[in-house]
Amino acid sequence: MSADNHSAESPAQPYDQGAWWRDAVVYQVYPRSFADANGDGEGDLPGVLSRLDHLTDLGVDAIWLSPFYPSPLADGGYDVADYCDVDPRYGALADFDALVAAAAAKNIKVIVDIVPNHCSAEHPWFRAALAAGPGSPERERFVFRDEPNNWQSVFGGPAWTQVPDGQWYLHLFDSGQPDWNWRHPDVVAMFERVLRFWLDRGVAGFRIDVANMLFKQEGLPDVVPGSQGGPLTPGHAAVPYEHQPELLELYRSWRKILDSYPGDRGTAPACTVAEMWFGHPDQARPYLTGDGLAQLFGFGLMPTPWSAGEFRAVIDASHRLARETGGSIPWVLGNHDVPRMVTRFGVDQDLVRAPTPEVLLGRMDVDAELGTGRARAAALLLLALPGGAYIYQGDELGLPEHLAIPDEARQDPMFERTLRTFIGRDGCRVPLPWSGVAPPYGFGAGDTWLPQPEDWAELTVAAQRDDPGSTLNLYRAALAIRREHPALGDGDLTWLDAPPGVLAFARDPGFTLMVNFGTEPVPLAWHHDVLLASGPLDGDLLPPDTGVWLS
Ligand code: NOJ
């Protein structure tokens, strides 16, 4: 650790309860698929700038940009070759600055992705390590060994690749993503420079990729067979490359850097939001005490089937953890790594509980209408829960997973690394439909880097803009109410008695959410007004698969 770090004795300094991100709604932009300004079929930063009005109209507080750094795209940009630049296919640093400035003018903060577990095999330090050979100081920045251990890549296959001189390097993801050695001072210092580089450019914080894995247990012991997860089932047992104690000290040192920025655009205190799957709340607790990370994503709802009881269990566990620790766990229903909500909720829910080999290949019946209705109800739940929330681009349009991408068009390395037993994550990364009735639906001028479905004409932003019943307008209305309503945002909730299959909670003052997960209409809870409903109500009855905000 560098000299100006917090020492182990530093008193914990919980984040301010009023920190902006505690109740922020953050919109995830996957730049490659948001909007294409230069017509090359891939989205870019000028594309994001050109569509900023979509985000102001939606009413989000911040955007999180998935990686736009120079990258050979072995893993969609999560293989970073240069942490302090913009890949030419996405624009240039000047485009990034212009985007941050334009967003700030519209009161939208910008969070960037930092990928500290691994870089790209094209990163100059990794190339230098390969060139320098075994035993060189250059190799010490990575994890080279003469013999591999039994670790498996999260993407499938071994976590080690052999280089021509016989040594093996560790990559917990794709072979194009060598893991850094976080016990090397060069690595620590380099990432401190990276944080400062982007903070100097006015970012409001960082989303930290695989924030639980940076340090590996000394000696790299084998994992206990069976304790690693599969493609859609993150591991739940302690493994020797997760949650090592040094992480806490590292994140304290990062916090100190972030806190030293004044945030003259209203961005202070800067946010760190950690991508971290955890099997048990005790694994998460140490990070939430407030002297290091600002937030951990609350991923629990993403793998949860459409069931009142199962939703409630996840909400209770996450909310309890946030209350007990004083930490912040924003809610998430979708991102670029999981199948879209409309599709998850539109299949037999036992297949969400236990995906079969057929499901991993995208072969299942999907009732898109049912899934859409449930996804709309889930959106009202998401935005009524205490704390912050993340919206993945396209969820505000009710996009389904695109399951019919031809194999030869697939880009996600998981497809090949799982020996084609899992179709991968491309289906939720398809370029957004903006207008028109056929691909590329106003995304850009050229063929899109992933094919878009032929039947998305009714899902474009233009098609939904003036339709009061559209999913886009549901999100807009919900966010507009959320901004004004004193009960919404951070705080507490009180569960209300409700019929089986129904979730109902109150938030003070004067707000009630109800979602009917069941199969029969149920009476609305006592109320004065219906603020918003995710679908048509039946008089004073809440139909199945519908959510409502009451006051
Ligand atoms: C998590 C990211 O969300 C995912 O897209 C990526 O493949 C892995 N981390 C590896 O960086």
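For clarity, every value in this text was computed on a predicted model and none was experimentally measured.
With hydrogens and angles disregarded, no donor-acceptor distance shorter than 3.5 Å links the side chain of T418 to the backbone of G156. At least one donor-acceptor pair closer than 3.5 Å links the side chain of T272 to the backbone N or O of A294. A donor-acceptor pair under 3.5 Å is formed between the side chain of Q393 and the backbone N or O of S33. Between the E396 side chain and the G394 main chain, a donor and an acceptor come within less than 3.5 Å of each other. T304 contributes a side-chain N or O that, together with a main-chain N or O of G300, makes up a donor-acceptor pair within less than 3.5 Å. Formation of a donor-acceptor pair under 3.5 Å by the E192 side chain with backbone atoms of M190 is not found in this model. Of the possible donor and acceptor atoms, one in the side chain of Q177 sits under 3.5 Å from a partner among the backbone N and O of D174. One N or O on the side chain of Q464 and one on the backbone of L459 form a donor-acceptor pair closer than 3.5 Å. No side-chain donor-acceptor contact under 3.5 Å links D200 to the backbone of F197. Under the 3.5 Å distance criterion, the side-chain polar atoms of Y392 are left unmatched by any main-chain donor or acceptor of V29.
Note that the CD1 atom of I108 and the OH atom of Y27 stand 10.5 Å from one another [nearest 0.5 Å]. Note that CE of M414 and CG of L419 are 12.0 Å apart. Values are rounded to the nearest 0.5 Å. The structure places CG of D395 at 12.5 Å from CG of L472, a figure rounded to the nearest 0.5 Å. Taken from CG in D165 to CG in L130, the straight-line distance is 8.0 Å, to the nearest 0.5 Å. Rounding to the nearest 0.5 Å places CZ of R340 at 12.0 Å from CG of L333. Remark: I257 CD1 to R193 CZ distance equals 11.0 Å, nearest 0.5 Å.
Aromatic ring centres of F297 and W64: separated by under 6.0 Å. Between W180 and F142, the distance from one ring center to the other falls under 6.0 angstrom. When ring centroids are compared, H336 and Y78 come within the 6.0 Å threshold.
Within the structure, the salt bridge (Lys or Arg N to Asp or Glu O under 4.0 Å) test picks out the following pairs touching residues 400-415 (sequence neighbours left out): D407-R410, D407-R420, D412-R425. Identified under the ring pair (Phe, Tyr, Trp, His ring centres under 6.0 Å) test for residues 256-276, with sequence neighbours left out: none. Counting only residues at least two apart or in different chains, salt bridge (Lys or Arg N to Asp or Glu O under 4.0 Å) contacts with residues 268-278 comprise R207-E275. Within the structure, every pair that satisfies the salt bridge (Lys or Arg N to Asp or Glu O under 4.0 Å) test and touches residues 27-50, not counting sequence neighbours, is listed here: R32-E42, E42-R89.
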Verdict with supporting geometry, M213 and V154, side-chain contact (heavy atoms from CB on, under 4.5 Å): CA-CA 11 Å; M213 292 191 184; V154 176; 4.1 Å; yes
Check against side-chain contact (heavy atoms from CB on, under 4.5 Å), L248 and R252: CA-CA 6 Å; L248 293 169; R252 280 186 203 117; 4.1 Å; yes
Criterion side-chain contact (heavy atoms from CB on, under 4.5 Å) on V223 and Y241, from CA distance to verdict: CA-CA 9 Å; V223 298; Y241 50 78; 4.1 Å; yes
Criterion side-chain contact (heavy atoms from CB on, under 4.5 Å) on M276 and Q283, from CA distance to verdict: CA-CA 10 Å; M276 226 185 241; Q283 281 179 324; over 6 Å; no
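Environment of CG in D447: sparse, with no more than 12 heavy atoms of neighbouring residues, nucleotides or ligands closer than 6.0 Å.
P451 has its side chain out of reach of P439: every pair of non-hydrogen atoms, C-beta onward, lies at least 4.5 Å apart. Side chains of N181 and R139 form no contact here, defined as non-hydrogen atoms less than 4.5 Å apart. Taking 4.5 Å as the limit, every side-chain heavy atom of Q411 sits out of range of all side-chain heavy atoms of I405. Taking 4.5 Å as the limit, every side-chain heavy atom of P339 sits out of range of all side-chain heavy atoms of C428. Between I391 and L479, some side-chain heavy-atom pair lies under the 4.5 Å cut-off. You'll find the side chain of N117 stays beyond 4.5 Å of the side chain of N212, heavy atoms only. Considering only heavy atoms from C-beta on, L220 comes within 4.5 Å of W151 through its side chain. Between P431 and L450, the closest side-chain pair of non-hydrogen atoms falls below 4.5 Å.
Judged by distance alone, the side chains of Y69 and D113 never bring a donor and an acceptor atom under 3.5 Å apart. If you check the side chains of W21 and D61, you find no donor sitting under 3.5 Å from an acceptor.
Ring orientation note: the planes of Y251 and W254 are nearly perpendicular, at an angle over 60° on the 30°/60° scale. Below 30°, between 30° and 60°, or above 60°: for W434 and F34 the angle between ring planes is above 60°, a perpendicular geometry. The aromatic rings of F68 and W198 lie perpendicular to each other, with more than 60° between the two planes, well past the 30° mark. Using bins of under 30°, 30° to 60° and over 60° for the plane-to-plane angle, the ring pair Y83/H123 lands in the tilted bin. In this pair, F126 and Y169 present their aromatic rings perpendicular. The plane angle is above 60°, beyond the 30 to 60° band.
Nearest approach of S71 to G77, heavy atoms of both residues: OG-CA, 3.5 Å. The nearest pair of heavy atoms linking P137 to H184 is O-NE2, 4.3 Å. Minimum heavy-atom separation, F443 to T448: CD2-CG2, 3.6 Å. The nearest pair of heavy atoms linking V332 to L382 is N-CD1, 4.1 Å. Nearest approach of Y90 to G43, heavy atoms of both residues: CD2-O, 3.1 Å. Of all heavy-atom pairs spanning V110 and L65, the tightest one is CG1-CD1, 3.8 Å.
In this view, T267 and K109, A204, R265 satisfy the side chain to side chain contact (heavy atoms under 4.5 Å, CB included) rule, not counting sequence neighbours. With sequence neighbours left out, the side chain to side chain contact (heavy atoms under 4.5 Å, CB included) criterion links A268 to no other residue.
Between K256 and D291 there is no salt bridge, since no side-chain N of the basic residue sits under 4.0 Å from a carboxylate O of the acidic one. The pair D75-R417 does not count as a salt bridge, with every side-chain nitrogen at least 4.0 angstrom from each carboxylate oxygen.
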